[in-house]
Amino acid sequence: MEKTFAIIKPDAVERNLAGKILARIEEEGFKIIGIKKIFLSKNEAEGFYHVHAERPFFPDLVAYMTSGPVISLVLERENAIKKWRDLMGATNPEEAAEGTIRKLYGTNIEKNATHGSDAPETAKFEISYFFNALEIHP
Ligand code: GDP
């Protein structure tokens, strides 16, 4: 069993899509072992996305991620990191495969509905950034 970290981003929470996305996550065989709704501060969002600090879109990304509450998740299943990336689809919803969450619910390359860790080290950092051990229940 592998764990990954996911976020239902502000655009999706704002449009009341969280329920549909959570249902899809469970239907696809993930167990939701951690879940909480939070409203990130600028500092918290910058820390989370530190690897993108030099990218031109970084200020926009931080503004977007602090524009409303998000739902943060720890997901568990076999091969969870790749399976969740596959289920989300490509970063740009226009390029995402049919049926993927970003294709269904994303608005544009920035407001793309969900986040998912891209590697085991990232998943470890991201889970610990949002959750402590007492908040995760396999
Ligand atoms: P991900 O791993 O598929 O989420 O993609 P990245 O790690 O490359 O980018 C992180 C997040 O930054 C994406 O999910 C988008 O919300 C945002 N993003 C990525 N590329 C762009 C871009 O070219 N412009 C803007 N405005 N946002 C972007």
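Computed from a predicted model, the values in this text were never measured in an experiment. Counting starts at 1 for both ligands and their atoms, following the listed order. All values below come from the heavy atoms of this structure, side chains included, with hydrogens, waters and symmetry mates left out.
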Can you tell which of I7, I109, D11 gets a heavy atom nearest to atom 15 (C) of ligand 1? I109

Considering heavy atoms of the protein only, find what lies nearest to atom 26 (N) of ligand 1 and give residue, atom and distance to 0.1 Å. E110 OE2, 3.2 Å

Begin with the C-alpha distance, continue with both residues' side-chain angles, and end with the deciding distance and a verdict on side chain to side chain contact (heavy atoms under 4.5 Å, CB included) for F5 and H115. CA-CA 8 Å; F5 176 73; H115 166 85; 3.9 Å; yes

Looking only at distances, can you tell me whether any N or O atom of R102, backbone or side chain, sits closer than 3.5 Å to an N or O atom of ligand 1? yes

Side chains of residues 45-53: which donor-acceptor partners sit under 3.5 Å, not counting sequence neighbours?
{"residue": "E46", "atom": "OE2", "partner": "K42", "partner atom": "NZ", "Å": "3.2"}
{"residue": "H50", "atom": "ND1", "partner": "G47", "partner atom": "O", "Å": "3.0"}
{"residue": "H52", "atom": "ND1", "partner": "R55", "partner atom": "NH1", "Å": "3.0"}

Please check if F57 and Y64 belong to a single hydrophobic cluster, counting links between Ile, Leu, Val, Met, Phe, Trp and Tyr side chain heavy atoms closer than 4.5 Å. yes

Protein contact of atom 6 (P) of ligand 1 - nearest heavy atom, named by residue and atom, plus distance: H52 NE2, 3.8 Å

Atoms of ligand 1 less than 4.0 Å from N112 heavy atoms? 13 (C), 14 (O), 15 (C), 16 (O)

Heavy-atom side-chain contact between I33 and L75 under 4.5 Å: no

Going by heavy atoms in the side chains, are L22 and I8 under 4.5 Å from each other? yes

Can you tell me the protein heavy atom closest to atom 17 (C) of ligand 1 and the distance? L61 CD1, 3.7 Å

Quick test: of every protein heavy atom, which one is nearest to atom 25 (C) of ligand 1, and how far off is it to 0.1 Å? F57 CB, 3.4 Å

Would you kindly check if the NZ (Lys) or CZ (Arg) of K36 is within the cone defined by 45 degrees around the ring axis of F131 and under 6.0 Å from the six-membered ring centre? yes

Any R15 side-chain heavy atom under 4.5 Å of T107 side chain: yes

Specify side chain, backbone, both or neither for M65, according to which of its non-hydrogen atoms lie closer than 4.0 Å to ligand 1. neither

What protein heavy atom sits nearest atom 3 (O) of ligand 1, and how far away is it? T91 OG1, 2.6 Å

Which residue supplies the protein heavy atom nearest to atom 2 (O) of ligand 1, what is that atom called, and how far is it? R85 NH1, 2.8 Å

Is the closest N or O pair between K9 and ligand 1 shorter than 3.5 Å? yes

Look at E76 together with K31 and state whether they make a salt bridge at an N to O cut-off of under 4.0 Å. no

